[in-house]
Amino acid sequence: MSKATNAADKQPAAPKRGNRPGEAAPVLGFTAAGFRRKLGRWYREHARELPWRGVDDPYATWLSEIMLQQTRVATVIGRYREFLLRFPTIHDLAAADEADVLALWSGLGYYGRARMLLRGAQFVECEMQGKLPRTAVELRTLPGVGEYTAAAIASIAFGESAAVLDGNVERVLLRLLGEAEEKSARARARLVATAQMLTPPASRGRAAKGNPPGDHNQAMMELGATLCLPRSPLCLQCPVMDLCRTRGEHATVARARMQSRTVSHLLALRKRGVATEVLLERRPRDAALMAGMLELPALPLDATEGREPALRLRHAITNTNYYVQIFTERVILEGQMAEPALEQSLLEKIPAAKADLRWTPTTKLVQLPLTGLARKTLQRLKVMAVPPFKIGSER
DNA sequence: AATTCGTGGCC
DNA sequence: TGGCCAAGAAT
C-alpha cells in the first residue's frame, strides 16, 4: 500500500451515528466506546516498556514530553535517564546553570526546549511552590508547553480527559476517517475535536470503567508509532482495522525540497603538559541557531584547497543537508619543536572578525554545551569519549 | 499563516 | 553531495 493517494479516492462517508448536527468534528462511523475498548485491549497487551511509563512524577512526565517533541523515542530514552540522574526534581533543575542544562541536551537538538524547560522550572519553583499545575489550560502557560504537551501532561500525570494530537494521532485519524492531510488551523481543529470525542472521560475512583485518558492518549500514539506507520502500515495487526476507512492510506501534503551545502571546519589540537586542548568557537549569544553553544571553528571553503579532510560526514538540519569536511591541525607549543610557518597553518584561516575562540581541555568537553555537529565530530575523531547513554542505544 | 528551530536513522 | 520524518512550539 502506498502512502500517497489521491484525495478523490476517498470512500463515501459512513452513516451518521453519535454526532450532533453542526458539530465541528466529522462523522466517525462507529462508537467511541467500541473504539476505545479495542484500542485499550491492544495497548495493555502491546505497549512498549518505556522509562517514563508508570512513573508517578509529573516532573518526569513533563521532561519526557519536552524531550519527545519532534524527537524519536529511541533517542530520548538514554537522555531522559541521564537528565533525571543529574536533575532529579524541579527544585534541582530550577537551581541549575543554563550551560549545564544545555550540555546535557547537547546533540538532542531544538535547544530552545532546554532553555524553556529551565525557565519553566524556575517559574514553577518560585511562583507555584514547586508544584506543576494540574490542568491543560494552566500547563499551557509554561514556556515550551504548547497544545499537545499540555494535554499530554494533564492526561498522563493528572488524569484529565484532554486529547493529544501529535503527528502519530493525526495520521491515525486521517486514515481512520479517510481524510486528506491539510495544513490549516480549521482542519487541525476538526482533528482535535475528533480526538477529543474518542478520548475517555476522566475516571473517578478505582471502580471507573474504561481506560484512563492518559493511557488512551498513549495508545493512540503507540498505534501510530508501531503499526500505523507513515510508509508501510501493518494493518493486519491493527486492533481497529475493521473500523478504518482506508486501511493505511492517506493523501499527504508535499514537503519542501531539501537543500544541500558544503562546509569546512577546523579541528585544532595542542598539547599543554599532559593535557590535550581543542580549539572551540562560541556562537553568538543572540544567534538564531544554537545561540551561545560551542562548535569547531568554521573555515572558508577556499582555505582548504588541496588539503585532504580528516573526516567527511553528512549532517542534516531540518531542510538542509550539510556536507561537512573536517581538517585537522596539530599545534606545537613553543620550546617543544619548531612552530609551523603561520601562513600555512589553517589556524590563520579562521575568520577573525567575530570569532570567540578558546582552547579547551578535551577532558572538559563532556560538560560543555557543544552543538550536535561538534559533538559528533569530536566523537568520530576520538577526541571525546562516547558517553554511556549512547552505547547500546543504537540498535 | 508560514517559518524556523536539530538531529539521527532508515530506506 | 537524497529524502523522509519523529510524543511540536514560538514567532
Side-chain angles (χ1 to χ4, degrees), chain A residues 3-4 48 50 52-53 61-80 102 105-117 119-120 139-153 155-156 163-172 181-188 195 214 217-226 229-232 252-263 283 287-291 293 295 312-325 369-376 379 390 393-395:
Chain A
K3 173 179 70 173
R48 292 170 293 180
L50 300 174
W52 47 86
R53 287 193 172 152
T61 303
W62 179 24
L63 173 66
S64 71
E65 290 302 339
I66 298 298
M67 280 192 169
L68 284 163
Q69 289 169 4
Q70 295 289 283
T71 308
R72 294 177 187 282
V73 166
T75 305
V76 169
I77 291 176
R79 298 309 193 97
Y80 168 84
L102 285 173
W105 212 272
S106 169
L108 262 184
Y110 290 122
Y111 300 100
R113 294 183 295 176
R115 295 193 182 87
M116 290 186 285
L117 179 66
R119 280 200 283 125
L139 286 160
R140 184 69 180 77
T141 66
L142 296 177
V145 176
E147 198 179 352
Y148 161 81
T149 305
I153 300 172
S155 63
I156 295 171
V164 297
L165 184 68
D166 73 331
N168 287 310
V169 178
E170 179 179 10
R171 187 173 58 254
V172 167
E181 181 183 38
E182 195 186 324
K183 296 291 182 191
S184 71
R186 193 173 54 79
R188 187 179 171 75
N217 277 336
Q218 294 188 76
M220 290 290 285
M221 295 188 280
E222 189 88 351
L223 188 64
T226 65
L229 303 170
R231 290 176 211 177
S232 303
T252 55
V253 173
R255 305 291 187 261
R257 286 267 301 270
M258 292 284 283
Q259 314 276 318
S260 63
R261 287 186 55 191
T262 302
V263 294
R283 297 178 60 82
L289 192 68
M290 299 172 278
M293 299 189 70
E295 61 187 354
R312 296 175 200 270
L313 50 85
R314 185 178 72 151
H315 189 73
I317 293 186
T318 311
N319 202 27
T320 306
N321 273 325
Y322 288 91
Y323 293 92
V324 185
Q325 303 183 88
L370 302 171
T371 67
L373 175 57
R375 173 165 295 248
K376 184 159 73 176
Q379 289 173 352
K390 282 287 276 188
S393 73
E394 299 168 357
R395 209 165 356 110

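None of the values given here were measured: they were computed from a predicted structure. Computation of the quantities below employed the complete heavy-atom set of this structure, encompassing side-chain atoms and omitting hydrogens, waters and symmetry-equivalent molecules. Each chain gets a letter, A, B and so on, in the order the sequences are listed, and its residues count up from 1.
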Worksheet entry | Distance in angstrom units between A:Ile77 CD1 and C:dA7 P, rounded | 12 Å
Discussion item. Need one value for A:Ala316: base, sugar-phosphate or nothing, where a base atom within 4.0 Å counts as base even if backbone is also close, heavy atoms only.
Written reply: base
Worksheet item: Distance-only, no hydrogens or angles: does the A:Thr75 side chain make a donor-acceptor pair with backbone N or O of A:Thr71 under 3.5 Å?
Response: no
Discussion item. Let's see if you can work this out: which of C:dA9, B:dG6, B:dT7 has an atom nearest to the side-chain heavy atoms of A:Tyr110?
Written reply: B:dG6
Worksheet item: Within the structure shown, what part of the strands sits under 4.0 Å from A:Arg188 by heavy-atom distance: base, sugar-phosphate, or nothing?
Response: nothing
Pairs: protein N or O with nucleotides 1-3 of chain B N or O, under 3.5 Å:
none

Worksheet entry | Interatomic distance, A:Trp52 atom CH2 to A:Leu63 atom CG [nearest 0.5 angstrom] | 9.5 Å
Worksheet item: Under 4.0 Å between a side-chain N or O of A:Gln70 and OP1 or OP2 of C:dG8?
Response: yes
Fill in: Under 4.0 angstrom between A:Arg171 side-chain N/O and C:dA6 OP1 or OP2
yes
Worksheet item: At under 4.0 Å between heavy atoms, what does A:Val145 touch on the DNA or RNA strands: base, sugar-phosphate, or nothing?
Response: sugar-phosphate
Worksheet item: Just checking A:Arg119: base, sugar-phosphate only, or nothing, at a heavy-atom cut-off of under 4.0 Å?
Response: nothing
Discussion item. Does B:dG6 have OP1 or OP2 under 4.0 Å away from a side-chain N or O of A:His315?
Written reply: no
Item to complete: Have a look at A:Thr71 and say if it touches a base, only the backbone sugar-phosphate, or nothing, with a 4.0 Å heavy-atom cut-off.
Response: base
Worksheet item: Touch check for A:Thr75, heavy atoms < 4.0 angstrom, all strands: base, sugar-phosphate only, or nothing?
Response: nothing
Discussion item. Students often get this wrong, so: under 4.0 angstrom with heavy atoms, is A:Met116 touching a base, only sugar-phosphate, or nothing?
Written reply: sugar-phosphate
Worksheet item: Closer to the 5' end of DNA chain B via nearest nucleotide, is it A:Asn319 or A:Arg314?
Response: A:Asn319
Item to complete: For A:Leu229, report the nucleic acid contact type (base, sugar-phosphate, nothing); a contact means any heavy atom under 4.0 Å.
Response: nothing
Worksheet item: Does A:Arg231 put a side-chain nitrogen or oxygen below 4.0 Å from OP1 or OP2 of C:dA6?
Response: no
Worksheet item: Are A:Asp166 and A:Met221 close enough that some pair of their side-chain heavy atoms sits under 4.5 Å apart?
Response: yes
Worksheet item: Reckon A:Ile317 touches a base, only the sugar-phosphate, or nothing at all at heavy-atom distances under 4.0 Å?
Response: base
Response to the item:
To the nearest angstrom, the CE-P distance between A:Met290 and B:dC5 comes to 9 Å
Item to complete: Would you classify A:Arg113 as touching base, sugar-phosphate or nothing, given that sugar-phosphate means primed atoms plus P, OP1 and OP2, and contacts are heavy atoms under 4.0 Å?
Response: nothing
Item to complete: Flag yes if more than 12 heavy atoms outside A:Arg261 fall under 6.0 Å of its CZ atom; otherwise flag no.
Response: no
Discussion item. Is the phosphate of C:dG2 approached by A:Asn321 (side-chain N or O, under 4.0 Å from OP1 or OP2)?
Written reply: no
Worksheet item: Quick one: A:Arg115 CZ to B:dC5 P, roughly how many Å, whole number?
Response: 13 Å
Item to complete: Using a cut-off of strictly less than 4.0 Å, decide whether A:Tyr111 has a side-chain nitrogen or oxygen near OP1 or OP2 of B:dT7.
Response: yes
Fill in: Value in whole Å for how far the C1' atom of C:dC4 lies from CD of A:Glu181
13 Å
Worksheet item: Is the side chain of A:Arg171 donor-acceptor paired with the backbone N or O of A:Asn168 at a distance under 3.5 Å, no angle test?
Response: no
Item to complete: Please tell me which of the listed nucleotides, C:dA7, C:dG8, B:dT7, lies nearest to the side chain of A:Thr149?
Response: C:dG8
Discussion item. Output the rounded distance in Å from CH2 (A:Trp52) to P (C:dA7).
Written reply: 10 Å
Discussion item. Using whole Å, what does the distance between atom C1' of nucleotide C:dT1 and atom CZ of A:Arg257 come to?
Written reply: 14 Å
Worksheet item: Quantified in whole Å, what is the P atom distance between nucleotide C:dA7 and nucleotide B:dT3?
Response: 24 Å
Worksheet item: Taking atom C1' of B:dC5 as reference, at what distance in whole Å does atom CG of A:Leu102 sit?
Response: 14 Å
Discussion item. Measuring from the side chain of A:Thr318 (C-beta onward, heavy atoms only), which nucleotide among C:dA7, C:dC5, B:dG6 has the closest atom?
Written reply: B:dG6
Practice prompt. Taking only Lys NZ, Arg NE, NH1 and NH2, and the carboxylate oxygens of Asp or Glu, determine whether A:Arg140 and A:Glu147 approach each other closer than 4.0 Å.
Written response: no
Worksheet item: Would you say a side-chain N or O of A:Arg72 is under 4.0 Å from OP1 or OP2 of C:dA7?
Response: no
Discussion item. Going by the rule side-chain contact (heavy atoms from CB on, under 4.5 Å), which residues pair with A:Ser106 if we only count those two or more places apart in sequence or in a different chain?
Written reply: A:Leu370, A:Arg375
Discussion item. From CZ of A:Arg255 over to P of B:dT4, roughly how many Å is that when rounded to an integer?
Written reply: 16 Å
Worksheet entry | Nucleotide nearest A:Arg53 when distance is taken to its side chain, options C:dA7, B:dG9, C:dC5 | C:dA7
Worksheet item: Given the P atoms of C:dA9 and B:dG8, what is the spacing between them in whole Å?
Response: 22 Å
Worksheet item: Hey, what do you get for CE (A:Met293) to OH (A:Tyr111), rounding to the nearest 0.5 Å?
Response: 4.5 Å
Discussion item. Within the 4.0 Å heavy-atom criterion, would you say A:Ser64 contacts the bases, only the backbone, or no part of the nucleic acid?
Written reply: nothing
Response to the item:
So OH of A:Tyr322 and CG of A:Leu313: to nearest 0.5 Å the spacing works out to 13.5 Å
Worksheet item: From C:dT1, C:dA9, B:dG8, pick the nucleotide closest to the side chain of A:Gln69?
Response: C:dA9
Discussion item. Closer than 3.5 angstrom, by distance alone: can the side chain of A:Glu181 be matched with the main-chain N or O of A:Val253 as a donor-acceptor pair?
Written reply: yes
